[in-house]
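Below: one structure, written as structure tokens.
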Amino acid sequence: MKINVNLDIMMAKRKMGLTELSEKVDVTMANLSILKNNKAKAVRFSTLAAICKALDCQPGDLLEFVEEDNENE
């Protein structure tokens with residue numbers, strides 16, 4: 001199982017760049033980039049809440065559960 005972070009999709013829908021989002025949520029561009037590129041192992045609820053507020057969305061708009069085919073291999 002895997003959780004995808006669809007940050008890039010929500011940013012595109014809101015026409016917001018990484019720099020602007022970084023300033024609004026007070027998170028470094030490097031850390032947002034890790035989230036955006038699905039490299040994050042975890043995310044704090046406070047960070048998730050700040051991103052949701054800045055993008056005017058719900059956590060479910062950003063996070064997606066994906067079942068992997070070869071999970072048991």
Side-chain angles (χ1 to χ4, degrees):
M1 75 181 112
K2 181 179 176 187
I3 303 293
N4 280 343
V5 180
N6 296 318
L7 183 58
D8 53 345
I9 294 169
M10 287 307 300
M11 288 171 54
K13 286 181 179 179
R14 302 299 190 250
K15 296 180 172 64
M16 188 178 298
L18 205 56
T19 304
E20 183 181 355
L21 183 61
S22 174
E23 291 169 358
K24 286 186 175 207
V25 299
D26 197 29
V27 173
T28 66
M29 286 191 1
N31 284 336
L32 285 177
S33 184
I34 289 169
L35 277 172
K36 185 176 156 220
N37 294 315
N38 281 306
K39 302 289 183 193
K41 300 285 184 196
V43 61
R44 288 188 176 128
F45 281 156
S46 59
T47 301
L48 183 59
I51 292 170
C52 287
K53 183 176 181 180
L55 294 174
D56 189 29
C57 67
Q58 294 293 314
D61 296 327
L62 296 171
L63 303 175
E64 173 187 23
F65 173 76
V66 178
E67 191 122 15
E68 295 178 298
D69 292 335
N70 59 359
E71 185 176 348
N72 293 327
E73 293 178 12

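To the nearest 0.5 Å, atom CG of residue N38 and atom CG of residue N4 are 4.5 Å apart.
Partners of K39 by side-chain contact (heavy atoms from CB on, under 4.5 Å), not counting sequence neighbours, listed by chain and number: I34, N37. Looking at residues two or more places apart in sequence or on another chain, you find no side chain to side chain donor-acceptor pair (under 3.5 Å) involving D8. The side-chain contact (heavy atoms from CB on, under 4.5 Å) check on K41 picks up nothing, with sequence neighbours excluded.
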Could you pull out all donor-acceptor pairs under 3.5 Å where a side-chain atom in residues 44-65 meets a protein atom, sequence neighbours excluded?
| from | atom 1 | to | atom 2 | distance (Å) |
| --- | --- | --- | --- | --- |
| D61 | OD2 | Q58 | N | 2.8 |
| E64 | OE1 | N6 | ND2 | 3.3 |

Could you pull out every donor-acceptor pair under 3.5 Å between side chains of residues 15-31 and any protein atom, sequence neighbours left out?
| from | atom 1 | to | atom 2 | distance (Å) |
| --- | --- | --- | --- | --- |
| S22 | OG | V27 | O | 2.5 |
| T28 | OG1 | N31 | N | 3.1 |
| T28 | OG1 | N31 | ND2 | 3.2 |

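One hydrophobic cluster holds both L7 and I3 under the rule that ILVMFWY side chains link at heavy-atom gaps under 4.5 Å.
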